[in-house]
Number of protein chains: 2
Amino acid sequence: MLSYTEENYLKAIFKISEKEKKSASTNSLARHLDTTPASVTDMLKRLAEKEMIHYERYKGVTLTAEGNRIATSLIRRHRLWEVFLVEKLRFDWEHVHDLAEELEHIYSEELISRLDAFLNYPKFDPHGDSIPNAEGKFTIRNQMPLSDLMTGQSCQVLGVKEHSNAFLRYLNQIKVKPGTQIKIEERIEFDASLRVLIDQKERSTISDSVAQSLLVKRI
Amino acid sequence: MLSYTEENYLKAIFKISEKEKKSASTNSLARHLDTTPASVTDMLKRLAEKEMIHYERYKGVTLTAEGNRIATSLIRRHRLWEVFLVEKLRFDWEHVHDLAEELEHIYSEELISRLDAFLNYPKFDPHGDSIPNAEGKFTIRNQMPLSDLMTGQSCQVLGVKEHSNAFLRYLNQIKVKPGTQIKIEERIEFDASLRVLIDQKERSTISDSVAQSLLVKRI
DNA sequence: CAAAAAATTTAGATTAGTTTAAATTTATTT
DNA sequence: AAATAAATTTAAACTAATCTAAATTTTTTG
């Protein structure tokens with residue numbers, strides 16, 4: 001059995017390796033987990049001892065098969081709870097992360113499989129992230145950043161690349177969430193910002209940095 | 001903020017004081033929390049320091065107003081989660097206690113008030129125990145042990161006094177749960193056991209000790 | 001009411017996770 | 001390739017929660 005903290009390390013290693021396509025460094029883990037590099041080193045030794053990670057001094061870490069299994073299960077639990085919080089308890093999407101962060105640590109196969117069934121086996125969470133199934137398999141779908149579309153094209157929002165509260169709150173403000181339709185009416189050359197029509201009703205200007213963080217599919 | 005463990009102590013003190021109608025002793029707490037009296041003493045000092053309990057060496061403990069507020073909130077959360085697990089996720093009642101024991105420690109007013117609304121503001125949990133409302137008020141209802149009824153009388157099961165898995169599993173076996181109707185057909189003088197008719201269908205013999213642990217209302 | 005038993009507390013040690021500061025290793029730059 | 005900077009690890013110490021064993025206090029009983 002791993003502790004709450006150990007589990008969080010595995011998840012962080014998973015996410016960093018996934019994003020940066022290479023082994024996770026001590027510093028990146030410290031930043032991610034809001035702790036000191038010294039604490040990270042300490043914990044890495046413990047996790048290596050438990051055969052959850054491959055660790056060589058000064059070389060960064062990767063997950064073992066078992067470590068990967070556990071991290072994936074945590075992500076599955078986290079995302080299922082997020083679906084529950086948004087769809088059943090009607091939370092706004094910017095409020096669910098911290099709660100799911102706690103709920104995910106409650107370990108019970110039975111609980112998660114029943115929750116999954118109750119929610120009707122969702123494949124994506126409220127932020128559009130893929131929910132691994134009980135076997136740990138992620139569903140992949142075609143998606144691209146809004147910034148890749150041409151003027152005149154329309155799309156449907158699938159999710160977000162950036163998960164900060166500030167960003168999610170901003171999307172709420174301009175009434176954008178998964179499912180929303182966006183048509184690109186004009187691209188401003190100067191700063192690559194976009195004039196868009198949202199759900200065929202509201203017009204808005206979206207900065208390039210926002211457009212890069214919005215994942216969509218063309219329609 | 002209290003730790004997970006500190007919260008469990010407050011809940012144990014609440015339950016023991018309630019059941020025994022007096023201050024909780026070090027030994028009873030050790031028994032209840034499956035730990036040693038030495039650890040209990042240690043923790044009691046910490047909780048007294050935090051003004052959660054009134055504690056005098058060798059004299060046992062009671063909760064302060066604040067300690068009582070927190071314990072009541074924990075019980076509220078525990079019982080609401082039990083309702084969720086049984087009614088929404090379709091768990092059997094003997095399986096929900098341990099899960100609720102973990103879920104209750106997730107602190108968020110918002111989460112609990114939304115869960116309460118989602119469940120339609122239940123007043124009692126699946127074992128028939130009263131769920132305190134947001135103000136900490138418990139709903140009281142008339143109930144008596146099945147053993148108090150006379151031969152020939154009928155009743156409806158409201159809940160159980162005893163929460164052990166073995167007892168709950170036995171009740172499942174004889175198809176008894178909250179809502180079940182029971183008619184007392186005969187009382188055996190020798191051991192005070194009861195011949196009963198369950199939901200007008202199945203006949204069964206119930207020992208006196210079981211009858212004392214079943215809470216009912218006459219109909 | 002003194003002796004024995006039961007309950008409780010103290011003392012000292014242990015474990016998981018953390019911290020700060022110093023030392024070491026690796027990477028970068030001239 | 002030496003000097004400097006950045007990243008990482010080690011060392012030593014701290015906190016919360018726990019334990020065992022010994023000491024103390026309270027309660028019970030002959």
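Small disclaimer: the values here were computed from a predicted structure and weren't measured. Order of the sequence lines fixes the chain letters, A, B, ..., with proteins taken first and strands second; residue numbering starts at 1 for each chain.
Not less than 6.0 angstrom separates the ring centroid of Y4(A) from the ring centroid of Y4(B).
Taking side-chain N and O atoms only, T41(A) has no distance below 4.0 Å to OP1 or OP2 of dT10(D). The phosphate of dA17(D) has neither OP1 nor OP2 within less than 4.0 Å of any side-chain N or O from S39(B). Distances shorter than 4.0 Å separate none of the side-chain N or O atoms of R57(A) from OP1 or OP2 on dT25(C). Contact annotation: T36(B) side-chain N/O to dT20(D) OP1/OP2 distance is not under 4.0 Å. OP1 or OP2 of dT10(D) sits under 4.0 Å from a side-chain N or O of K45(A). Look at T35(B) and you'll find a side-chain N or O under 4.0 angstrom from OP1 or OP2 of dC19(D). At least one side-chain nitrogen or oxygen of Y55(B) sits closer than 4.0 Å to the OP1 or OP2 atom of dT9(C).
Between R69(A) and E66(A), at least one side-chain nitrogen of the basic residue sits less than 4.0 Å from a carboxylate oxygen of the acidic one, meeting the salt-bridge criterion. Ion pairing of E82(A) with R79(A) is absent here, as no side-chain N (NZ or NE/NH1/NH2) approaches a carboxylate O to less than 4.0 Å.
Other residues, nucleotides and ligands contribute over 12 non-hydrogen atoms within 6.0 Å of the CZ atom of F138(B). Counting heavy atoms of neighbouring residues, nucleotides and ligands inside a 6.0 Å radius, atom CG of D191(A) exceeds 12 of them.
Here dA17(D) presents its P atom at 15 Å from CG of L29(B), a figure rounded to the nearest Å. Rounded to an integer number of Å, the gap from NZ of K59(A) to P of dT26(C) is 5 Å. The interatomic distance linking E6(B) (CD) with dT15(D) (P) rounds to 15 Å, in whole Å. Rounded to whole Å, atom P of dT15(D) lies 13 Å from atom NZ of K50(B). Protein atom OH of Y58(B) is 6 Å distant from nucleotide atom P of dT25(D), rounded to whole Å. Computed from coordinates, the N27(A) CG to dT26(C) C1' distance equals 12 Å when rounded to whole Å. Distance, R31(B) CZ to dA6(C) P: 13 Å, rounded to whole Å. Separating the CD atom of E56(B) from the P atom of dT9(C) is a distance of 11 Å, rounded to the nearest angstrom.
Among the nucleotides dT18(D), dA11(D), dT18(C), the one closest to any side-chain atom of M43(B) is dT18(D). Closest to the side chain of S3(A), out of dT10(C), dT10(D), dG17(C), is dG17(C). Ranking dT9(C), dT18(C), dT9(D) by closeness to the P37(B) side chain, first place goes to dT9(C). The side chain of S25(B) lies closest to dT8(C), out of dT10(D), dA17(D), dT8(C).
Among the protein residues, Y4(A) comes within range of no part of the nucleic acid, since none of its heavy atoms lies under 4.0 Å from any strand.
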